[in-house]
2 protein chains.
Amino acid sequence: MSERKHPAGSRNASPRILGAARAVAGREGVGKITIEAVAKEAGLSKGGVLYNYPTKKALLSGLLDQMLAKHRELLGKVPERHPSRTLHGHLETILHSEDLDDDLSTAILAVAASDPRLLDPLRTELTGDLERILSGTQDAPGAMVAVLAIQGLRFQKLLNLPDGGADLREPIIERLRTMIDGLD
Amino acid sequence: MSERKHPAGSRNASPRILGAARAVAGREGVGKITIEAVAKEAGLSKGGVLYNYPTKKALLSGLLDQMLAKHRELLGKVPERHPSRTLHGHLETILHSEDLDDDLSTAILAVAASDPRLLDPLRTELTGDLERILSGTQDAPGAMVAVLAIQGLRFQKLLNLPDGGADLREPIIERLRTMIDGLD
DNA sequence: AAGACTGTACCGTCCGGTCGGTTTAGGTTT
DNA sequence: AAACCTAAACCGACCGGACGGTACAGTCTT
């Protein structure tokens with residue numbers, strides 16, 4: 001019901017639209033994600049955006065979907081037999097998005113602000129990840145602390161909260177890595 | 001520019017207004033924080049709300065202020081000479097709000113969604129806390145990981161993200177406590 | 001009387017969503 | 001290959017409702 005072929009005049013603007021939404025959110029805040037603003041940013045008309053995403057909620061869900069897809073993609077890149085593979089993936093997801101300025105976590109805020117229910121896909125995804133993480137370790141609390149720290153890292157970045165200085169960034173990540181490695 | 005005296009005919013509805021705002025946010029999502037909705041929830045008229053908070057931004061800032069005040073109050077309760085006192089305070093702040101269902105951190109989301117700049121007070125507060133925390137420990141990365149985990153805990157609760165099951169809650173907190181105690 | 005509201009009416013703006021077009025690109029017919 | 005058809009993709013004017021804020025006359029409390 002989604003994968004749509006585009007046999008005729010088609011440039012499939014969806015990705016451009018999502019990118020535009022992220023750009024707007026990053027520049028002016030999540031509250032400024034407006035269909036018109038997104039349209040303008042994407043070089044489209046309002047109708048064009050609404051054609052791809054019939055409602056604003058659909059647009060926001062699309063944003064979240066994109067984020068989750070990216071998340072899964074990065075998870076897939078973690079070496080197969082790595083112990084606590086999922087945990088490592090979570091960490092790398094954030095580090096990776098540190099280089100690119102595509103703040104995908106923006107979607108979380110945007111979605112949560114409009115309708116908390118839209119976060120359900122994120123919740124189920126996370127639930128699955130947690131199960132995988134916890135079933136792969138003896139030290140459940142330790143794993144959870146790592147998960148929480150990673151989550152904290154994400155929101156710290158998202159809200160531009162202080163991070164203790166640039167010279168601490170690397171040591172923190174290094175510490176997290178060793179914490180995770182020491183889990184098994 | 002805020003602290004207002006109420007020397008005469010005064011019931012000072014401000015706290016009730018803030019509580020109402022949190023209630024609305026908790027029930028319907030941060031996006032539904034409307035002056036009218038808050039007024040209705042507080043058993044006030046729209047004019048009454050605007051009398052206490054002349055603009056919506058003022059209302060949101062008030063929410064954040066309340067949160068920070070509560071935060072400071074709880075920090076003050078931590079035993080004086082406790083090593084890594086601030087860190088413990090942060091943790092207790094969350095645990096304490098676990099009993100009460102007044103999700104003060106809602107303010108963060110609400111504020112962030114409307115105008116990221118309004119988060120500045122939170123940022124400066126956190127910066128101060130971080131300085132205190134880091135200056136009181138030899139193991140800066142370890143302390144930061146603890147801070148991050150606490151932050152993660154806050155957002156997990158705030159967004160109703162999965163937590164690995166109820167039987168893990170206590171062990172996680174216990175682990176965090178020992179982590180913090182083992183720092184200095 | 002003055003402060004702390006209530007209640008209602010109202011304004012202007014913003015924004016989500018609708019809707020009737022218009023353009024673009026491929027296929028079909030002749 | 002020119003003419004024609006079809007449908008996807010998109011445009012943009014418009015509507016209606018929500019919402020922030022104003023104004024202001026009245027009410028209750030201290």
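Here is the naming used below: chain letters follow the sequence lines, and residue numbers restart at 1 for every chain.
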Open item on the list: Can you tell me if B:Asn52 touches the phosphate of C:dC5, counting only side-chain N or O atoms and a distance under 4.0 Å to OP1 or OP2?
Closed with: yes

Task: Phosphate OP1/OP2 of C:dC5 contacted by B:Tyr51 side-chain N/O (<4.0 Å) - done: no

Task: Comparing A:Pro54 and A:Gly31 on DNA chain C - which has the more 5′ nearest nucleotide - done: A:Gly31

TODO: Taking only Lys NZ, Arg NE, NH1 and NH2, and the carboxylate oxygens of Asp or Glu, determine whether B:Glu73 and B:Lys77 approach each other closer than 4.0 Å.
DONE: yes

TODO: May I ask you to test the A:Gln151-B:Leu161 pair for a side-chain heavy-atom distance under 4.5 Å?
DONE: yes

Open item on the list: By the 4.0 Å heavy-atom rule, please label B:Ile35 as base, sugar-phosphate, or nothing.
Closed with: sugar-phosphate

Task: Separation of D:dA8 C1' from A:Asn12 CG (nearest whole Å) - done: 12 Å

Open item on the list: Need one value for B:Leu44: base, sugar-phosphate or nothing, where a base atom within 4.0 Å counts as base even if backbone is also close, heavy atoms only.
Closed with: sugar-phosphate

TODO: Provide, to the nearest angstrom, the distance between the NZ atom belonging to A:Lys32 and the P atom belonging to C:dC14.
DONE: 11 Å

Open item on the list: Check this for me: does the side-chain of A:Lys46 come within 3.5 Å of the base of C:dG16 through a donor and an acceptor?
Closed with: yes

TODO: State, yes or no, whether a side-chain contact exists between A:Tyr53 and A:Ile17 at a heavy-atom distance under 4.5 Å.
DONE: yes

TODO: Could you tell me the separation between the CG atom of A:Leu50 and the C1' atom of D:dC15, rounded to a whole number of Å?
DONE: 14 Å

Task: Nearest-Å distance for atom pair CD/P, residues A:Glu28 and C:dC14 - done: 13 Å

Task: Between D:dA13 (P) and A:Glu36 (CD): distance, integer Å - done: 11 Å

- [ ] Starting from P on C:dA4, measure out to CD1 on B:Ile17 and report it in whole angstrom.
- [x] 13 Å

Open item on the list: D:dG12, OP1 or OP2 - any side-chain N/O from A:Ser45 closer than 4.0 Å?
Closed with: no

Open item on the list: Are A:Arg85 and A:Arg132 packed together at the side-chain level, in the sense that at least one heavy-atom pair is separated by less than 4.5 angstrom?
Closed with: no

Open item on the list: With clusters defined by side-chain heavy atoms of hydrophobic residues (ILVMFWY) lying less than 4.5 Å apart, directly or transitively, does A:Ile150 cluster with B:Leu168?
Closed with: yes

- [ ] In whole angstrom, give the distance that lies between atom OH of B:Tyr53 and atom C1' of D:dG21.
- [x] 18 Å

Task: Value in whole Å for how far the C1' atom of D:dA18 lies from NZ of B:Lys56 - done: 11 Å

